[in-house]
Every structure is written in structure tokens, then in C-alpha cells.
Amino acid sequence: MFRTVQAISTAHRQLEGGGFMVRRPFPSRGLATLDPLLMLDEMGPVDYGPDEAVGAPDHPHRGFETVTYLLAGEGTHADSAGHTGTLRPGDVQWMTAGAGVIHREMPSPKIQREGGRVHGFQLWVNLPRAHKMTRPRYQEIPRESIPKALSDDGLASVQVIAGDALGASAVIATHTPIVLHHWRFQPGAEVDVALAEDHNVGVYVFDGVVQVAGRDVSDGQIAVLGPGQALQLGSRGVAQALLLGGRPLREPVAWMGPFVMNTEDEIRQAMLDYQQGRMGSIPPQIVKPSP
Ligand code: CO
């Protein structure tokens with residue numbers, strides 16, 4: 001059975017971190033959540049001049065995962081577990097905050113110094129109750145290691161960040177079944193995508209217009225799909241979209257800023273643990289990026 005579009009919602013804009021603009025398809029007035037996915041932010045595309053680029057200075061997370069996927073620019077990160085790294089276009093960082101990390105996510109020193117285009121996504125993936133206090137974990141996958149596949153007509157290509165598509169399987173491990181695809185369409189593309197029937201699934205278009213189950217979905221819109229084992233995607237022009245979703249957790253969500261737990265008590269505990277330094281801090285030998 002093919003999936004059909006249940007609703008189409010438009011992303012709103014807001015400022016995040018140190019003051020960078022994002023488009024946020026959810027949570028939004030039109031779409032609260034896509035359980036088990038909590039939030040999707042599209043950063044940019046923005047063209048920074050020298051000394052203009054801003055990021056997200058030191059902040060904590062607990063109870064879920066942050067997934068960063070960069071399309072343009074360069075990002076650096078550092079965290080309280082001692083991890084550091086640089087993300088380049090096409091790279092994915094899948095960070096399981098679990099019991100708690102403090103990290104910073106900044107444009108690279110080169111982008112801060114010289115400016116340049118920055119474009120990317122951050123997705124928040126909820127963890128089930130049983131895994132919320134798991135040990136923090138990083139999966140950093142360079143662009144060349146993200147599995148790719150091509151449709152039969154050769155006009156649709158996909159990068160498989162999580163889940164499966166067209167016979168390609170993701171290399172990233174997830175705590176519960178998650179699907180995250182980056183689709184690129186050439187004019188006239190048509191493709192059927194197999195999906196697990198029990199997954200909540202959305203398609204967020206960020207370039208051009210994509211036909212999702214026969215409906216036109218434009219740049220900045222997300223289509224939420226009904227149940228089914230397959231989805232028809234297509235395009236009349238050049239277009240790009242993220243297909244994202246997963247098996248719903250169906251657990252209570254208590255969400256306060258950077259903490260996502262099941263109960264208000266657990267949120268209070270997270271705030272206490274953070275304030276009292278139990279989530280650690282970024283080691284001082286890691287050089288602070290210039291503001
Ligand atoms: Co963060």
C-alpha cells in the first residue's frame with residue numbers, strides 16, 4: 001500500500017544558538033512532532049562575511065541525540081567527553097547525548113575568519129526511556145562513507161544516513177529504527193521508496209518542488225505521510241528533500257530547552273546535574289574558538 005499525504009506544513013524562521021537563523025519545520029504551529037523525531041532545523045543557507053559567522057557556544061544536552069548534517073561550510077565541535085572534530089559538506093555527526101554532554105558547535109576558525117556559505121541541518125532524535133541515561137556516544141561519518149543509491153531511471157539519487165533506500169543500508173547505528181535520507185532529483189525523476197509500515201515519516205523539501213505521493217511540496221514545506229509500505233517521490237525540476245522518520249516511541253515527553261526526558265522530575269534532576277557540574281565541562285586544553 002502506498003502512503004498518502006496527511007498534512008503539509010510550512011517551516012517557520014527563528015534565531016538559535018549565538019544568533020543564527022534557522023528554518024524549523026517542526027516543532028511548529030502546523031506540526032508538533034514526528035515521534036520519535038523531536039525537532040528539525042535547517043541552518044542557512046547563509047553567506048557570512050569575515051568575522052560574522054556565529055554558532056552555538058557551550059551548552060548541555062540530555063536524553064536524546066543530535067544529528068548534524070552539513071551541506072556547505074565547515075563546522076567544529078568539542079565536548080565534555082573530550083571529543084573534537086571538524087565537519088565538512090556531506091559529513092554527518094550523530095551524537096548520542098544520553099546521560100549528558102556539554103558541547104559547543106561553531107563555524108570553523110576559517111569560516112569565522114574569512115566568512116563563506118554555511119548550510120546544514122540539525123535533527124533531534126528522541127531516545128526511549130531505557131536509553132535516555134546511556135553513555136554519550138559519537139558517530140562521525142565522512143561524506144565518502146555515507147551509502148548512496150540511484151533510482152532505476154537514474155534521475156533520483158539518495159544518501160542513506162539512517163535506514164535503507166534502494167538496496168543501500170546506513171552505516172550509522174541507531175537505538176531505535178530511524179530513517180534519514182537526503183534525496184536529490186533531476187527533472188522528470190520518479191522513484192518508489194520502500195518504508196517500514198509502522199514508521200512515522202515526513203518529507204522536508206529544501207530546494208525546488210517535490211511531488212510527494214502526487215502532491216506538490218515546495219521549498220520550506222514538510223509533508224507528513226499516512227501509513228503504508230511505500231512512497232512515490234518525483235520531481236519536474238531540480239529539487240532536494242530530506243525523508244525522515246522512525247518507529248514511534250509513544251512515551252511521555254518532558255522537554256525543557258536542551259533536556260528531553262519522560263517526566264518533570266527527570267527534567268529537574270537534569271537541571272540540577274547540569275548546574276552542579278555533573279555533566280562535566282569541556283577540557284580547558286581544548287582551545288576556545290574566538291567569539
Ligand atoms: Co547542541
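For the numbers below, each heavy atom of this structure counts, side chains included, while hydrogens, waters and symmetry mates do not. Atoms within a ligand are numbered from 1 in the order they appear, just like the ligands themselves. Keep in mind that what you see is a predicted model, and the values were worked out from it rather than measured.
Relative orientation of the F121 and Y69 rings is parallel, given thresholds of 30° and 60° on the angle between their planes.
Looking at E266 and K132, no side-chain N of the basic residue comes within less than 4.0 Å of a carboxylate O on the acidic one, giving no salt bridge. Salt-bridge formation is detected for the pair D216/R236: a Lys NZ or Arg NE/NH1/NH2 atom is positioned less than 4.0 Å from an Asp or Glu carboxylate oxygen.
Between the side chain of R3 and the main chain of G228, a donor-acceptor pair closer than 3.5 Å is present.
When you scan the N, O or S atoms of H61 for the one nearest the Co ion (ligand 1), you land on NE2. Nearest N/O/S atom of E105 with respect to the Co ion (ligand 1) is recorded as OE1. Distances from the Co ion (ligand 1) to the N/O/S atoms of H59 are shortest for NE2.
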